[in-house]
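Below: one structure, written as structure tokens.
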Amino acid sequence: MREIFAGMPWWVKWVAVPVFALVVFGGLIASVVGFVIGLLFKLLVFVALVGGLIFVVRKFTASSSSRSDW
């Protein structure tokens, strides 16, 4: 493979081949990146909801009858 690319001009190695790779695998790359971003967003929403729930529960238990630390 190295011998094949050795005789090629620089623009074939650094422009044409990456463009072909993006055209061929572009949908796959976009779906993987979209999946990862979606997963990170869902994880962030989960953490925010759990944090909000803990905040609300502590607020209501602290304002109820007596202050007891756990």
Side-chain angles (χ1 to χ4, degrees):
M1 191 63 135
R2 190 175 295 263
E3 294 84 23
I4 294 172
F5 278 120
M8 298 284 175
W10 68 269
W11 59 269
V12 172
K13 291 186 267 190
W14 298 105
V15 177
V17 173
V19 166
F20 286 154
L22 283 176
V23 168
V24 172
F25 298 109
L28 176 67
I29 293 170
S31 64
V32 168
V33 168
F35 174 75
V36 169
I37 289 174
L39 191 65
L40 288 174
F41 179 74
K42 288 178 183 177
L43 183 67
L44 182 65
V45 168
F46 176 74
V47 168
L49 287 173
V50 169
L53 179 66
I54 291 172
F55 176 77
V56 167
V57 167
R58 284 192 178 180
K59 197 75 153 169
F60 279 115
T61 56
S63 65
S64 65
S65 62
S66 67
R67 174 103 179 158
S68 60
D69 294 328
W70 339 332

Donor-acceptor pairs under 3.5 angstrom involving side-chain atoms of residues 44-53: please list them, not counting sequence neighbours.
none

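- Scanning all heavy atoms of the two residues, the minimum distance from Lys13 to Met8 falls at CE-O, 3.9 Å.
- For the atom pair Phe55 CZ and Phe60 CZ, the distance stands at 10.0 Å (nearest 0.5 Å).
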List the atom pairs, donor and acceptor, that lie under 3.5 Å between side-chain atoms in residues 18-37 and the rest of the protein, sequence neighbours left out.
from	atom 1	to	atom 2	distance (Å)
Ser31	OG	Gly27	O	3.2
Ser31	OG	Leu28	O	2.8

